[in-house]
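The structure displayed is predicted, hence computed values, not measured ones. Values below: all heavy atoms of this structure, side chains included; hydrogens, waters and symmetry mates excluded.
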Amino acid sequence: SLSYEERRLANIAKNQAMLAQLGIPSISRNSALKSSAKRARAPAKKTKSARRKLKSEEGHDEEQQEEQRRSLRLRGVSVPAPWRTPDGDTSSSSSSSSLSSEAGDGGDSSSSSLRAHAQRIVLSEEDQINLAFFESLRDADVKSVSNSTTSSTTSSSRADYLQSLARLRLSENSVKKVVPSRIYSMALHPSNSQVIVSVGDKFGQLGIWRYCDDDDQQMIQSWRPHSKAVSGVEFCDATRLASCSYDGVIRVLDLEKEVFEVIHTATDSSVSLHSLHVDPSSGGQLLLCGDSYGTLLWCDTRCSSSSSSKSSSLASSSSSSSWSGLDLKPPQHVAQAHESKIFTIDTHPLQTHCICTASLDRTVKLWDTRKLTAAASAPGHHSAAAYPLRELDHGLCVSSARFSPPGNDGSYLVTVCNDDLIRVYDSAALLLQGEADPAPRLIPHNNKTGRWISKFQATWDPKQPDSFVVGSLQQPRQVEVYSVGARDSGVRIIAALRNVELLKSACSLNLFHHSLNVLVGANASGRVFCWKDEQLSL
């Protein structure tokens, strides 16, 4: 009998003869080659990394293994100016070039970074404010501190107020994208006859929108004076807009000079600013700011950098060269108020020496600023030995706390907490010394906005001082208005503003205009919504 190998070779010869008869001898040869190749033992395949290593040794640089990507922070490299937004666009303001030129100077990286943040930004020709826009701001009929109290006292009846809320409408031209990304802060211009909104977004953009019924007459201006989220914006007066940011800088946009002045810069890069408030009794000159470590700062916009040696609040915490060398403006006073970041600061409308602060440390505190500033100004003290007038414990972090307007003598204090409750306190009882904490009125409200939506903040209506507005997570999307009645009636919702076609996202920040029947709101995509009385022409 034939062996297996002999039978195999016989079959191959038979097949080759058959293919040769058909006139395709090339195929027979290829088949034989392939058959024999299959029988040969193939060498072990090289792995991808081994092939890369081999080719690298042979000089094939294009096949080298790519270096693992690492962030600038992990590589210890500071982000160069101009800072870029996620879509790759550079800052629209001339701050990019000015900051970049300063950051390129010699010295260590932290010092050059502080120098960059401390620069005065002059707007370029492309970014200068539209002349007609500026004229409208400068010549606006603006409310003052003296007349704001009297104007707010003339509140309408409950029935008239409900009718005015029912007339609020959204239209296509009353919804505008003012800044590119999520809005962190919002303020209304003090004009009595115009609706001018300023907002700050996640990436340092600052925008101003003037609303008009005629879409062609509307104006939007935006700049990027900060490198991180703009956590607070406030109008000091008709032509000055203050802003603070996570980058540790307080700036004031002077619309007349068309410059961003630096009011304060944190000397520690780990410090971020989270709240800003203009003291109403200072004529728009004194700014109160809260940082990420629970510290309260008093900054006077009239304080020049040359007066830094006169400030004693930071004398013991940092060397004089850290301020004078960077030409910074130190705060007038510093007080340690909370254990963690401060979200809001507000002043009592009548007792202007009393302020309230809301914090991540789950408390709301009331302070007498006369005692705080006196302790902070004492020689050798970096911060005041802070003893609040009242400390109100909450279940979770408190995103806002605000006194009601002067129309009802600041009788109420409303707080919004992440424990899904809105609390309304009797502020007169809170200010009584030696008394137990008064029990608040509790309103169940879903406040868990998560990480992608700005935290809810409740704000009062200056025209109806017992009513406040707050955002909502309910579907369909809406903005809710609550009214504080007598102790027996409690707090109840009186209006839920909806528009299924135009309002499709939660408005975390909402503000009532102080004289017009207008409500503005802001969402997480940079859009501003203007609810306007359908009988009102602007």
Side-chain angles (χ1 to χ4, degrees), residues 149 152-153 155 275 277 279-281 288 290 294 296 298 333 335-340 342-376 383-445 447 457-460 465-468 470 482-492:
T149 302
S152 298
T153 55
S155 58
S275 54
H277 177 64
D279 186 349
S281 63
L288 282 76
L296 273 177
W298 283 259
H333 307 290
Q336 189 64 42
H338 289 269
E339 297 177 0
S340 189
I342 299 174
F343 288 125
T344 62
I345 307 169
D346 196 34
T347 303
H348 193 279
L350 298 184
Q351 303 185 44
T352 55
H353 60 274
C354 178
I355 64 172
C356 66
T357 55
S359 172
L360 181 65
D361 66 4
R362 305 186 178 189
T363 64
V364 171
K365 295 182 181 181
L366 276 64
W367 307 90
D368 188 333
T369 57
R370 298 170 298 184
K371 298 179 180 179
L372 280 176
T373 55
S383 61
Y387 298 103
L389 298 175
R390 185 81 63 172
E391 180 173 340
L392 305 173
D393 293 326
H394 287 62
L396 290 173
C397 78
V398 189
S399 58
S400 74
R402 287 188 172 90
F403 289 109
S404 57
N408 61 4
D409 300 333
S411 301
Y412 305 115
L413 174 70
V414 61
T415 69
V416 179
C417 181
N418 271 16
D419 61 1
D420 290 343
L421 287 175
I422 297 176
R423 296 169 172 84
V424 178
Y425 294 88
D426 184 350
S427 61
L430 291 175
L431 296 176
L432 291 177
Q433 296 292 329
E435 298 292 334
D437 293 345
R441 310 184 203 186
L442 304 178
I443 307 104
H445 191 270
N447 299 324
Q457 296 189 13
T459 57
W460 297 90
D466 60 354
S467 300
F468 63 87
V470 67
Y482 289 82
S483 176
V484 182
R487 172 62 66 175
D488 297 336
S489 59
V491 182
R492 61 188 181 91

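- For residues 407-442, there are no ring-ring contact (aromatic ring centres under 6.0 Å, His included) pairs, not counting sequence neighbours.
- The two residues His394 and Val364 have their closest heavy-atom pair at CE1-CG2, 3.6 Å.
- The shortest side-chain heavy-atom distance between Thr415 and Leu392 does not fall under the 4.5 Å cut-off.
- For His348 (side chain) and Leu350 (main-chain N/O), a donor-acceptor pair under 3.5 Å exists by modelled atom type.
- Legend: residues meeting side-chain hydrogen bond (donor to acceptor under 3.5 Å, both in side chains) with Ser411, ordered by chain and number and at least two apart, are absent.
- Under a 3.5 Å cut-off, the side chain of Ser275 and the backbone N or O of Ile345 do not form any donor-acceptor pair.
- Summarising the local packing, CD of Glu391 is surrounded by more than 12 heavy atoms from other residues, nucleotides or ligands at distances under 6.0 Å.
- Here the closest non-hydrogen pair linking Cys354 and Phe403 is SG-CZ, 4.2 Å.
- Side-chain N or O atoms of Asp420 include one that pairs as donor or acceptor with a backbone N or O of Asn447 at under 3.5 Å.
- The backbone N or O of Cys356 lies less than 3.5 Å from no partner atom in the side chain of Arg390, so there is not a single donor-acceptor pair.
- The main-chain N or O of Val416 is found under 3.5 Å from a side-chain atom of Ser399 such that the two form a donor-acceptor pair.
- Under the 30°/60° scheme for interplanar angles, the aromatic rings of Tyr482 and Phe468 are found to lie parallel.
- The main-chain N or O of His338 is never found under 3.5 Å from a side-chain atom of Asp361 such that the two would form a donor-acceptor pair.
- Residues Ser483 and Asp466 have side chains in contact (heavy-atom distance under 4.5 Å, counting atoms from C-beta outward).
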